[in-house]
Amino acid sequence: MALVKPFSAYRPRKDIVSQVAALPYDVYNRAEAKDVVSANPLSFLRIDRAETAFDDSVDTYAPCVYAKAKELLEDMITKGEYVLDGQDMYYIYELTMDGRKQTGIVACASIDDYMSGVIKKHENTRADKEIDRITHVDTCNAQTGPIFLAYRAQEVIDNIVDRIKCNEPEHDFISDDGISHKVWLIDKIADVESIRQAFAGLSDVYIADGHHRAASAVKVGIKRRESNPDTKGDEEYNFFLSVLFPHNQLKILPYNRVIKDLNGNTTEDFLKKVSQCFEVEKSECAYQPDEKNTFGMYLQGQWYKLTAKDHIISDDPVDGLDVSILQNNLLNPILGIEDPRIDKRIDFVGGIRGLGELEKRATSDMYLAFSMYPTSIEELFDVADASMLMPPKSTWFEPKLRSGIFIHKL
């Protein structure tokens, strides 16, 4: 039974929301983040990445950086740039990209559901990446970047959302990358209760994106429970900011691969080894796979279509993923990439960048590129339901949720 509760958000004033809303903190490196904040001083990135307020000699994770984030957030609240809603409610957050809409419910999910497995994961997290967001959330006393959750579509929720979206949105703007963002309020008691009950009827909710933010929020909640022996369970630190999307509105883009070299193989030997597990066909144009178990390969100015042979196809939720088939039958045994999480000879390119980026990388800093067929949301659910983990860089979700539109104070 999923506990997904309404809450009172701090939201930017309508006249500045388009300037405040920012891509997630981990999309940028330090130099890029500094450029964004310099160009737009209201960007929430200045709070999510408060090192942008300091000279580069100051460590990104220095205590003064997190203190600055807290100072900046509290200053915006004091100035009235952020305003607290007067009651607990759910929010509708719709993003439109290239004409395709996805509409989620902004709410707070339970850290107990995360720990018990009602909220299911498909990726491991790294402790060093968690520490940064743990410190940021704890110091700011607020969650600023929502976790991207998915659930199997519910007609009750769909009907309420469709009805409320007939009204004028509370926020309506287009970000610099052309994505449309709209927000509506779900503040009627009957609607709030219907949505709460609909989520309570779900036994499974899935993390689509934001595993590190989720793990960090949970650890802050646990820490605060331990320091407060009188905790009742309804305190805000027992919940984390989320946007929950129905599965049938989500689209996963491919997460492509580029490789540094052929691991000592000649081109002829490499292609011969690949042909043991894959049918290899030359392609007259750039090849983007249009079905599962097929792969594009770009080598020395030539595109190839690779089709997995029957003996390497698996019904296992993880081994049957295209990313696993490529890793287990080509990247590891032929190219010697045993652990793609740490091997410096491999890099990953989000499908949003297109095949041209693969050609560019394969003729500049890399040597070989693979275009992938995207993992499906059903495959993600299957892996999580089996309590298994996907290989790294298996999914790329677009569009990205913006930070700073909703703040959940603890």
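If you read the sequence from its start, that first residue is 1, and numbering goes on from there.
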**OP:** Take F370 and L326 through the side-chain contact (heavy atoms from CB on, under 4.5 Å) test and state the conclusion after the steps.
**Re:** CA-CA 9 Å; F370 294 95; L326 187 70; 4.0 Å; yes

**OP:** Report the C-alpha separation of I179 and I174 in whole Å, then their side-chain angles, then the decisive distance to 0.1 Å, and conclude whether the side-chain contact (heavy atoms from CB on, under 4.5 Å) test is met.
**Re:** CA-CA 5 Å; I179 308 299; I174 296 176; over 6 Å; no

**OP:** Test T60 against R30 for side-chain contact (heavy atoms from CB on, under 4.5 Å), laying out the working first.
**Re:** CA-CA 8 Å; T60 298; R30 183 167 183 162; 3.1 Å; yes

Subject >> Audit row: Y206, F381, ring-ring contact (aromatic ring centres under 6.0 Å, His included) steps and yes/no >> reply: CA-CA 7 Å; Y206 303 84; F381 286 179; 3.9 Å; yes

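Taking CZ of R345 as the reference point, atom CD1 of I259 lies at 7.5 Å (rounded to 0.5 Å). In this structure, the separation between CD1 on I47 and OH on Y66 is 15.0 Å, given to the nearest 0.5 Å. Here the CD atom belonging to E398 is positioned 9.0 Å from the CZ atom belonging to R100, to the nearest 0.5 angstrom.
Electrostatic pairing of K260 and D347 does not count as a salt bridge here, judged by no charged N lying under 4.0 Å from a carboxylate O. Look at K292 and E379 and you find a salt bridge, because one of the NZ, NE, NH1 or NH2 atoms lies within 4.0 Å of a carboxylate O, short of that distance. Between E226 and K223, none of the side-chain N atoms (NZ, or NE/NH1/NH2) sits under 4.0 Å from a carboxylate O, so this pair counts as no salt bridge. Taking 4.0 Å as the cut-off between side-chain N and carboxylate O, K68 and E51 do not count as a salt-bridged pair.
Y298 pairs with exactly one of Y367, W303, Y287 by the ring pair (Phe, Tyr, Trp, His ring centres under 6.0 Å) rule, that one being W303. A side chain to side chain contact (heavy atoms under 4.5 Å, CB included) with F406 is found for one member of D85, V183, L401 and no other, namely V183. Between R133 and the choices D48, D26, D138, the salt bridge (charged side-chain N to carboxylate O under 4.0 Å, His left out) rule is met once, by D48.
A donor-acceptor pair under 3.5 Å links the side-chain atoms of K34 to the main chain of F54, judged by distance alone. Put simply, the side chain of S242 never gets that close to the backbone of L244: no donor and acceptor are under 3.5 Å apart. Judged purely by atom type and a 3.5 angstrom limit, N40 uses its side chain to pair as donor or acceptor with the backbone of Q19.
The closest side-chain donor-acceptor pair between S371 and N256, if any, does not fall under 3.5 angstrom. Neither side chain, R224 nor T231, offers a donor N or O lying under 3.5 Å from an acceptor on the other. For the residue pair K305 and T294, no side-chain donor N or O sits within less than 3.5 Å of a side-chain acceptor on the partner.
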